[in-house]
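First up is the structure itself, then whatever we jot down about it.
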Amino acid sequence: MIDKNTISESYNEKQREAIAFSGKHLLLLAGAGTGKTKTIVGRAEYLINQGYRPEKIQILTFTKRAASEIVERVKAGISDQDVRSLNGSTFHSWCNQLIIKFPNLFGAANYTVIDPDDQLSIMKMACGAASEDYGKTRLKPQQLLDLFSFARNTRINLTETLRKLLFKGKDDLQTTEDINALKPQVELLIKEYQSQKLRQQYLDYDDLLLVVANRLNKDAEAREILAKAYDHILIDEMQDTNPLQWYLLKPFENICHLFCVGDDAQSIYSFRGADFKNVHLFQERVANSEIKVLDKNYRSTQEILDLSNWLLETSPINYNKRLTASRGAGKQPTIVNVANQFEEANYIANHILESFSEGGNSFTDFLILSRSQYYTRPLQAVFLQKKIPYQTFGGRKFLEAAHIKDLVSVLRVINNPMDEIAWIRFFTFIHGIGAVRATSYMSEVMRIEPENVHGLDLTSIIPGKEGIKAKSYYDAAYQNRGNVKMAIKDLYKTMEFDLAMKYSKDWYEKRKGDFPVLEILSENYATLGEFISEGILDNSANVAGSNTLGGSKINTAELKDHVTISTVHSAKGLEADVCFVLNVSPKTYPSAYSLGNIEEVEEDRRVLYVALTRAKNDLIITRSKESINAYHHQTDKDEDDTSDSAYFLEGLPEHLALQTSPKSFTAPVTDAKKANTIDLDLGMDFS
DNA sequence: TTTAGTCACGTTTTT
DNA sequence: CGTGACTAAA
């Protein structure tokens, strides 16, 4: 379809300039809805049409979902070439692939990637091993991990990390003294954590990036090898990259071309070390680079943008941004004042069902955004009750669910017999074995010579019926170790009864159906090791309350019609006809946690901005009456409260939004006819 | 001494 | 919903 040397008419002038950019490196500042993803897709297509090999183009995004969307779209646009080898992934997944692809270069190919739960277990072990120092700190293992991760991601030293995270950035004599007193213990515990990890051959998320980045920054030979592997790197959401990711990208400045796309007004990851000001320093940091801008919005109506623009303009920070709608005027945004979460949920459910009876809509037209995952629970309950199909984004991941981890722990010990956490999880799963005995059995396993560990007879370690049980699990997986899917299938058959017992409360409702999904998921992986590592890094599948299946690898082909419920953070890049933004109340926007800290308040503002700019035609904001009243009440009294003007919608000009309350919905709600035809049974069509 | 089971509690945001 | 503290039972 696409002529090799011209770019499709569907792009505007500026998009085309970016797509055909012929300099070395580019930063494209693209506001919300200005065709950011489309332009990345266009760039990838253009490069392939120019003759660059698809496997030498790497697309980097923040979420797996965004990555696969871009790759799918490129593949759909190019028919006559082999674009299967085009690779799109998250920073973490990409580093993991590099580590596996170049085993000699990074020397960590046999390591197991661990998730945050495992990190916590290891940090607990480390604190146990160095209990004297741990006792002096009064810090929890999770806090220690947060400190360490923040330091590594921002690449600032421990003293300053402690100051920022524990002492709110205070820089006085007393604080410095406190820090100096605390630092040696923290340092020691982190060292212990590091050595535990190394001994058990684990890589945590930060390690993945650091292993690759360190090597490339220090070793010219490594850079040469990768220079042969890559021509172009296309990076999405550049404003969210943190110093560690910059450190990873820096060597590529001389290896290949960088095409970076971002929007400073949508930077919402500072808690992970990202700094939106970084995009402003792009040209100073990257030699031979240029900046281009996209500012024409194709997504929303002008009314929606007026409200969004107003939000940014009331900020003390100058974002220098004013989006204009190429689509023109439409419907005014609505603010609905609700009494409580239940009314809010019902209002939304009824609104969706009503627009159904009027015809023309499908569930996919609706997107519901929340500040936190937690807040959407009542909504999910109402949706289940009214049989509205929905999918959630954000929240606990599929492979982090307890019942899945139980099964995967057996696969993990076969894949990496040094994996102490997995051994302990495996052993404690067996009824009658608790933490104490599990730990002692695990130590016995560790004493076995490495060459004899594979395929060992567990009854020689664990006596009685527990030993027989352990052996039966182990063997079921071990006999199928060459075939991931078979291993899961057999292992599940062996474990099913015990799993059902352990999770008897919600086994049939929530858990059972996940195992067929796990089997399907595993089909994409050739080896146990790949399944475990990549699976852990795959954020796209989640379980929490979903009544459809998550996972880009499972069902991109047969997407069902469903409403999307998402946290704002997970919604970047999403858009929808009708968009609900939940609970835009004081103490949420900005969050009570952020009050008093200007930078955090401004980040919350950007969170709201991202939420508002998802809507194409209809933007509906809900907020709780009580919190508004309480807010006014409180601020009337506290004259000197510095936060009295903090609430983002305070002082909103009347013409920008229409205020209403939910009309009473006493009539029994009739479910949409369409809704009834949708099968809510989990995992049903995968047998 | 070890394990299993119950209850209350508190939850930003993500790889 | 998952964690942590506590109790009862093995």
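Bear in mind the structure is a predicted one, so any value in this text is a computation, not a measurement. Letters go in sequence order (proteins before strands), and every chain restarts at 1.
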Nearest-angstrom distance from the residue atom [atom1] of [X] to [atom2] of [N]:
X        : N      : atom1 : atom2 : answer
A:Leu120 : C:dT3  : CG    : P     : 9 Å
A:Lys465 : C:dA10 : NZ    : C1'   : 11 Å
A:Phe398 : B:dT14 : CZ    : C1'   : 19 Å
A:Leu244 : B:dT14 : CG    : C1'   : 14 Å
A:Glu466 : C:dA10 : CD    : C1'   : 12 Å
A:Asp118 : C:dG2  : CG    : P     : 15 Å
A:Glu602 : B:dT13 : CD    : C1'   : 17 Å
A:Leu608 : B:dT12 : CG    : C1'   : 15 Å

With sugar-phosphate meaning primed atoms plus P, OP1 and OP2, does [X] contact a base, only sugar-phosphate, or nothing at under 4.0 Å between heavy atoms?
X        : answer
A:Phe62  : sugar-phosphate
A:Arg511 : sugar-phosphate
A:Tyr269 : sugar-phosphate
A:Ile433 : sugar-phosphate

Option passing salt bridge (Lys or Arg N to Asp or Glu O under 4.0 Å) with A:Asp118 (candidates A:Lys197, A:Lys405, A:Arg425):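 Running salt bridge (Lys or Arg N to Asp or Glu O under 4.0 Å) over A:Lys197, A:Lys405, A:Arg425 with A:Asp118 returns exactly one hit, A:Lys405.
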Check: B:dT2 base within 3.5 Å donor-acceptor of A:Arg437 side chain: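 By the distance-only test, no, there is no pair.
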Nearest to side-chain heavy atoms of [X], which nucleotide of [options]:
X        : options                : value
A:Gln373 : B:dT11, B:dA4, B:dT13  : B:dT13
A:His431 : B:dG5, B:dT12, B:dT11  : B:dG5
A:Val436 : C:dG2, B:dT3, B:dT11   : B:dT3
A:Arg377 : B:dT2, C:dG2, C:dC1    : C:dC1
A:Tyr593 : B:dT14, B:dT11, B:dT13 : B:dT11

side-chain N/O A:Ser591 vs B:dT13 OP1/OP2, d < 4.0 Å: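 The answer is no; no side-chain N or O of A:Ser591 sits under 4.0 Å from OP1 or OP2.
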Phosphate OP1/OP2 of B:dT12: any A:Thr567 side-chain N/O under 4.0 Å: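 Looking at the OP1 and OP2 atoms of B:dT12, neither is under 4.0 Å from any side-chain N or O of A:Thr567.
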DNA chain B: 5'-proximal contact among A:Thr428 and A:Glu600 (nearest heavy atom):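 Result: A:Thr428.
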Residue whose closest nucleotide on DNA chain B lies nearer the 5' end, A:Ala438 versus A:Phe91: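 That would be A:Ala438.
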Enclosure of A:Ile598 CD1 (heavy-atom neighbours >12, cutoff 6.0 Å):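 Not buried by this count: 12 neighbours or fewer within 6.0 Å.
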Passing candidate, side chain to side chain donor-acceptor pair (under 3.5 Å) with A:Gln119, options A:Tyr193, A:Tyr205, A:Tyr202: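 The passing option is A:Tyr193.
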Trace of the side chain to side chain contact (heavy atoms under 4.5 Å, CB included) decision for A:Leu166 with A:Leu139: CA-CA 10 Å; A:Leu166 260 32; A:Leu139 290 169; 4.0 Å; yes
Close side-chain approach of A:Thr241 and A:Met238, heavy atoms under 4.5 Å: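 They are in side-chain contact.
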Distance-minimising heavy-atom pair for A:Gln239 and A:Gln266: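 Shortest heavy-atom contact: NE2-O, 3.5 Å.
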